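Below, chains carry the letters A, B, ... as their sequence lines are ordered, and counting in each starts from 1. Bear in mind the structure is a predicted one, so any value in this text is a computation, not a measurement.
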Protein chains: 2
Amino acid sequence: MYRIGELAKLCEVKADTLRFYEKHGLLAPSSRSDSGYRLYNESDAERLRFILRAKAVGFTLAEITELLSIELDKSNWACADVKGLVDSKLAQVNEKISELNHFQVSLQRLSDACCGGPESAEHCSILEALESNTDNIKCENHAHHHDKSQYTKNCQSKG
Amino acid sequence: MYRIGELAKLCEVKADTLRFYEKHGLLAPSSRSDSGYRLYNESDAERLRFILRAKAVGFTLAEITELLSIELDKSNWACADVKGLVDSKLAQVNEKISELNHFQVSLQRLSDACCGGPESAEHCSILEALESNTDNIKCENHAHHHDKSQYTKNCQSKG
DNA sequence: ATAAACCTTGGAGTTTAATCTAAGGTCAAG
DNA sequence: CTTGACCTTAGATTAAACTCCAAGGTTTAT
Ligand SMILES: [Zn+2]
Ligand SMILES: [Zn+2]
Ligand SMILES: [Zn+2]
Ligand SMILES: [Zn+2]
């Protein structure tokens with residue numbers, strides 16, 4: 001039997017997190033001591049590890065609640081159900097990745113267009129890009145070139 | 001001069017969003033009508049577009065607040081400052097992408113290991129993976145093969 | 001026996017970006 | 001002069017997953 005702090009340390013989470021999981025129905029200690037301390041057994045610890053593994057692949061606690069309800073009643077669920085949860089998560093993750101890739105490309109383009117030097121930002125290509133309606137930064141056209149070598153350094157990749 | 005609903009429609013945001021931006025110091029209407037209605041001019045609209053462009057490349061409103069304070073006082077800032085904000089955002093985005101890529105790979109592996117059929121989840125490879133301490137799913141070893149052709153279909157890529 | 005380290009509870013705070021509600025004032029059309 | 005669309009305010013709510021707090025009770029070691 002583990003007390004809350006022991007299980008927390010064992011699984012590298014905080015005691016607060018275990019209380020939070022309990023409050024939200026993910027994991028309750030199987031017993032209490034006479035003085036009211038939570039007592040977790042090995043099976044509780046296994047359940048916690050299940051939760052943490054599911055978190056490690058990106059599931060939210062709400063989704064983990066679903067997974068746990070399947071896990072505890074496997075024979076009444078099909079592989080299709082389980083795979084459905086995984087595939088739906090996968091789709092969400094892919095969507096998010098593609099949004100972030102979009103950000104990544106845009107930010108990289110902004111970064112590449114700016115000399116990053118100590119010169120005044122009055123003609124900074126980044127600010128100019130955010131001011132104008134184009135989301136394209138044309139490195140060869142920009143009005144910003146306080147320093148020839150810097151300019152060349154930053155713009156050579158685009159001609 | 002635009003009333004709040006007009007500017008909202010023009011820029012495809014909700015009036016609530018504009019009030020929210022005002023409350024948080026991002027964008028205030030340059031005047032009010034006699035009856036207290038917000039009135040935005042062309043320069044307010046430009047500022048809103050700046051905000052929306054910055055959002056479109058992934059900046060949070062707090063970061064946009066910083067960008068705006070630079071934008072309004074360009075000569076007292078250097079390219080280095082602006083590029084610093086972009087690069088720091090870029091680093092955050094890259095970090096998030098790499099976390100999501102990790103999720104993506106794990107989820108794909110889980111999905112690939114499961115037949116996804118109508119059979120009972122009692123021996124589902126996904127659940128087994130979440131129960132065990134390995135984060136590796138060994139397709140050729142798993143205990144789950146209710147249906148030979150399905151099994152082959154899902155596992156052929158790994159031998 | 002007393003200090004340190006642990007535990008209990010309920011509830012508030014954090015972050016982000018809105019979104020919604022209630023209760024009421026304004027404006028243009030018919 | 002009334003209907004409907006629009007506007008005002010302050011404040012509550014949402015999602016996610018904790019994290020922290022106060023005020024007190026328990027255990028353990030010295
Ligand atoms: Zn520069
Ligand atoms: Zn610059
Ligand atoms: Zn199966
Ligand atoms: Zn399965």
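For C:dA17, neither phosphate oxygen OP1 nor OP2 lies less than 4.0 angstrom from any side-chain nitrogen or oxygen of B:Thr17. The shortest distance between the side-chain N/O atoms of A:Arg19 and the OP1/OP2 oxygens of C:dT8 is below 4.0 Å. Distances shown here put a side-chain N or O of B:Arg32 below 4.0 Å from the OP1 or OP2 atom of D:dT9. Not one side-chain nitrogen or oxygen of A:Arg38 sits closer than 4.0 Å to the OP1 or OP2 atom of C:dC7.
The separation between B:Leu18 atom CG and D:dC6 atom P is 15 Å, rounded to whole Å. Straight-line distance from the CZ atom of A:Phe20 to the P atom of D:dC21: 18 Å, rounded to whole Å. For A:Gln92 and D:dA16, the CD to C1' distance is 13 Å, given to the nearest whole Å. Separating the OH atom of B:Tyr21 from the P atom of C:dT16 is a distance of 14 Å, rounded to the nearest angstrom. Between A:Lys55 atom NZ and D:dC18 atom P there is a gap of 4 Å when expressed in whole angstrom units. Straight-line distance from the CD1 atom of B:Ile4 to the P atom of C:dT26: 17 Å, rounded to whole Å. Rounded to an integer number of Å, the gap from NE2 of B:His24 to C1' of C:dA17 is 8 Å. Atom CD in B:Glu22 sits about 13 Å away from atom C1' in D:dC7, given to the nearest Å.
Each of A:Lys14 and B:Ala15 has a nearest nucleotide on DNA chain D; the 5'-most of these lies closest to B:Ala15. DNA chain D is contacted by both B:Lys23 and A:Ala62; B:Lys23 maps to the nucleotide lying nearer its 5′ end (nearest heavy atom per residue).
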Using a 4.0 Å heavy-atom cut-off to protein, can you give one letter per nucleotide of nucleotides 25-30 of chain D, 5' to 3': B if the base is in contact, S if only the sugar-phosphate is, - if neither? BBS---
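Under the 4.0 Å criterion applied to side-chain N and carboxylate O atoms, B:Glu46 and B:Arg49 are assigned as salt-bridge partners.
With hydrogens and angles ignored, the 3.5 Å screen pairs a side-chain donor or acceptor of A:Asp81 with a backbone N or O of A:Ala78. A:Ser111 places no side-chain N or O within donor-acceptor distance of the main-chain N or O of A:Leu107, the cut-off being under 3.5 Å. B:His24 places a side-chain N or O within donor-acceptor distance of the main-chain N or O of B:Phe20, the cut-off being under 3.5 Å.
For the residue pair B:Val93 and A:Leu100, the shortest heavy atom distance occurs at CG1-O, 3.6 Å. Of all heavy-atom pairs spanning A:Glu131 and B:Glu71, the tightest one is OE2-OE2, 2.7 Å. Nearest heavy atom pair, residue A:Leu26 against residue A:Arg47, reads O-NE, 2.7 Å.
Using a 4.0 Å heavy-atom criterion, one finds that B:Lys9 contacts no nucleic acid atom at all.
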